[in-house]
Undergrad: 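Below you'll find the structure I mean.
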Amino acid sequence: MVVTYKSEIRNPQFRLFLGQVALIICLFLATILTINYFVDASQVITTKSSTNMARLALSGKIVAVPKNYNERVYQVSIIEQMQSMPETIVIGSSRGMYLGKDITGFDSIYNHGVSGACMEDYYALLGLYDKKFLKLPKRIIIEVSPWVFYENNPDSRWSENITYRSACKDFYEKVNKETFNRTNLKKENPYISIPYFQYNIEAIKEKGCKAFITQPAKVSNNTSEQADYPDGTIRYDASLELPNPKRLEKVNSTNRGVTYENVHKMKKIGAKQKSDFEKLINYLLEKNIEIMLYLQPFSATQCKFIYEKNTNPVFAKVEKYLTDFSTQCNMTNIGKRNNIKVIGSYNAKYYNLSDESFIDFMHLDKAGTAYVWKSFRK
């Protein structure tokens, strides 16, 4: 058998075949690498645009938001480019993206909201500060949506970027004193990732040659485009930001319970998520940090399904848990500066909010957010 094998290797035709196979594999890998690198539809490889956006934002400019930027990579760039730490930060999802200087009244503030934030995003964003400044801001506003406590939350965008993912892991282990172990990780090498290659091919099909062009960071004065303000808050497209019949029609079209992040399948508060949350809050309180938990209402029409038809029974449970836990923490810390305030409610009826105040089923507009913030219960 050994002799036969060696003779096959010496066979010119067989060696030619092996060379052709090797060439095909090399071309295949080169194609994947080239497409992934130059298209990079999720902006997890090339971060130049995020860095330039961050520099503009931190210089006090309103920055146009390109369609292909990665929000979490952008937050990494923002914190890396910061020269000094703000007194107040906002972490959480886009449901808290209006919480800035105008709404809260805090002058030194930066909003780090990212779409679909989960528990890991809380740890990652705080971990980035802890690593950069070796301490945390004195006040932290945390937007808390029900799906943060869903044990089967499918969102894994927090794990796409290695710096963001590492910040989460390191800070988690610092706070919890245990090994960080997650199954919903995206740890494949983005340069040669087949799924990412497929995703980038879809981008090419949709945009053509434009998929290869990274939109440059630019200052925005055009209210018809989405942009970020210098305090990290969002400016939606003008057609979404202000009440209008088309926006109202979209909000009114809700015909079922909330399914975002598969939360309609959520029946209870995840034990692990609850533990991670409580350990994080207690750690912050030990550091004498003021905490504000922000619960944004869902639209009035959506709330009819959530509460009257009981399509999302866990929403009321999460809200009660947050208020009870906060009360307990405050009683434990009587006489100390550090405390927790719960601001808002998932139920629009609590504030007599109508659908006219909403951008969509789960996002209040700026005026509505200001009303909720100023009406918070102490």
Side-chain angles (χ1 to χ4, degrees), residues 42 65 69-76 78-79 88-100 103-104 109-128 140-161 164-165 167-168 184 226 228-229 231-236 240-241 251 257-264 266 269-270 273 276-277 280-281 291-299 302 306 312 314-315 318-319 321-322 342-348 358-366 368-369 372-373:
S42 289
V65 177
Y69 89 116
N70 187 306
E71 293 172 284
R72 287 157 176 84
V73 174
Y74 180 48
Q75 298 309 322
V76 171
I78 284 286
I79 296 172
T88 304
I89 63 169
V90 181
I91 61 174
S93 76
S94 58
R95 283 164 45 80
M97 281 294 288
Y98 273 130
L99 298 178
I103 300 295
T104 66
I109 186 172
Y110 202 90
N111 191 309
H112 294 282
V114 294
S115 298
C118 56
M119 190 71 67
E120 288 80 6
D121 284 297
Y122 294 167
Y123 278 91
L125 291 165
L126 294 178
L128 289 169
I140 299 174
I141 302 170
I142 307 176
E143 182 281 326
V144 189
S145 290
W147 44 82
V148 168
F149 294 98
Y150 183 31
E151 59 188 357
N152 294 318
N153 187 319
D155 204 300
S156 60
R157 285 174 287 183
W158 63 272
S159 67
E160 290 178 337
N161 177 265
Y164 195 86
R165 183 173 68 239
C168 174
N184 60 329
Q226 187 172 311
D228 280 354
Y229 285 111
D231 62 356
T233 54
I234 197 169
R235 185 186 73 196
Y236 284 102
L240 294 175
E241 201 156 53
V251 178
V258 181
T259 60
Y260 187 73
E261 301 290 20
N262 291 339
V263 73
H264 59 293
M266 182 180 175
I269 296 174
Q273 286 69 29
D276 290 347
F277 181 76
L280 176 61
I281 296 301
I291 301 168
M292 301 176 126
L293 304 181
Y294 176 68
L295 284 60
Q296 183 164 116
F298 290 84
S299 72
Q302 188 74 69
I306 296 171
N312 301 101
V314 78
F315 282 29
V318 171
E319 184 166 338
Y321 158 69
L322 291 171
V342 178
I343 304 170
S345 168
Y346 298 139
N347 196 341
F358 288 82
I359 293 173
D360 56 31
F361 79 93
M362 67 175 184
H363 291 93
L364 261 176
D365 62 18
K366 193 169 185 176
T369 302
V372 170
W373 183 268

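Throughout, residue positions are numbered sequentially from 1 according to the sequence presented. All figures in this text were calculated on a predicted structure; none of them were measured in a lab.
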Undergrad: Could you state the interatomic distance from CZ (R157) to CZ (R165), rounded to the nearest 0.5 Å?
TA: 16.0 Å
Undergrad: Does Q273 reach the side chain of E151, with side-chain heavy atoms less than 4.5 Å apart?
TA: yes
Undergrad: Could you go step by step and tell me if D228 and Y74 meet the side chain to side chain contact (heavy atoms under 4.5 Å, CB included) rule?
TA: CA-CA 11 Å; D228 280 354; Y74 180 48; 3.2 Å; yes
Undergrad: Under the side chain to side chain contact (heavy atoms under 4.5 Å, CB included) rule, what do D121 and R72 come out as? Steps first, then yes or no, please.
TA: CA-CA 9 Å; D121 284 297; R72 287 157 176 84; 2.9 Å; yes
Undergrad: Answer whether the closest heavy-atom distance between the side chains of L128 and I78 falls below 4.5 Å.
TA: no
Undergrad: Is there a donor-acceptor contact under 3.5 Å from the side chain of E143 to the main chain of G113?
TA: no
Undergrad: If you round to the nearest 0.5 Å, how far is CD of E261 from OG of S145?
TA: 9.5 Å
Undergrad: Would you say the side chain of L322 lies within less than 4.5 Å of the side chain of L295, judging by non-hydrogen atoms?
TA: yes
Undergrad: Are L293 and F277 close enough that some pair of their side-chain heavy atoms sits under 4.5 Å apart?
TA: yes
Undergrad: Is any side-chain heavy atom of W147 closer than 4.5 Å to one of N262?
TA: no
Undergrad: Distance alone, cut at 3.5 Å: any donor-acceptor contact between the side chains of D365 and Y98?
TA: no
Undergrad: For the pair D155 (side chain) and A117 (backbone), establish whether a donor and an acceptor sit closer than 3.5 Å, ignoring hydrogens and angles.
TA: no
Undergrad: Quick one: do N153 and V148 satisfy side chain to side chain contact (heavy atoms under 4.5 Å, CB included)? Show the steps, please.
TA: CA-CA 7 Å; N153 187 319; V148 168; 5.9 Å; no
Undergrad: Report yes if the distance between the aromatic ring centroids of F298 and F315 is under 6.0 Å, otherwise no.
TA: yes
Undergrad: Could you check if a side-chain atom of H363 sits within less than 4.5 angstrom of a side-chain atom of R95, using non-hydrogen atoms only?
TA: yes
Undergrad: Taking S299 for its side chain and Q302 for its backbone only, find out whether a donor-acceptor pair lies under 3.5 Å.
TA: yes
Undergrad: Mark yes or no for whether N111, through its side chain, and G100, through its backbone, hold a donor-acceptor pair below 3.5 Å.
TA: no
Undergrad: Run Y122 and D276 through side chain to side chain contact (heavy atoms under 4.5 Å, CB included) and show every step you take.
TA: CA-CA 10 Å; Y122 294 167; D276 290 347; over 6 Å; no
Undergrad: Say whether N347 and S345, considering side chains only, have a donor N or O and an acceptor N or O under 3.5 Å apart.
TA: no
Undergrad: Does some side-chain heavy atom of I281 sit less than 4.5 Å from a side-chain heavy atom of I142?
TA: yes
Undergrad: To the nearest 0.5 Å, tell me how far I343 CD1 sits from W373 CH2.
TA: 3.5 Å
Undergrad: What distance separates I359 CD1 from I234 CD1, expressed to the nearest 0.5 Å?
TA: 8.0 Å
Undergrad: Taking the side chain from Q75 and the backbone from L125, do they hold a donor-acceptor pair closer than 3.5 Å?
TA: no
Undergrad: Do the side chain of D231 and the main chain of I109 share a donor and acceptor less than 3.5 angstrom apart?
TA: no
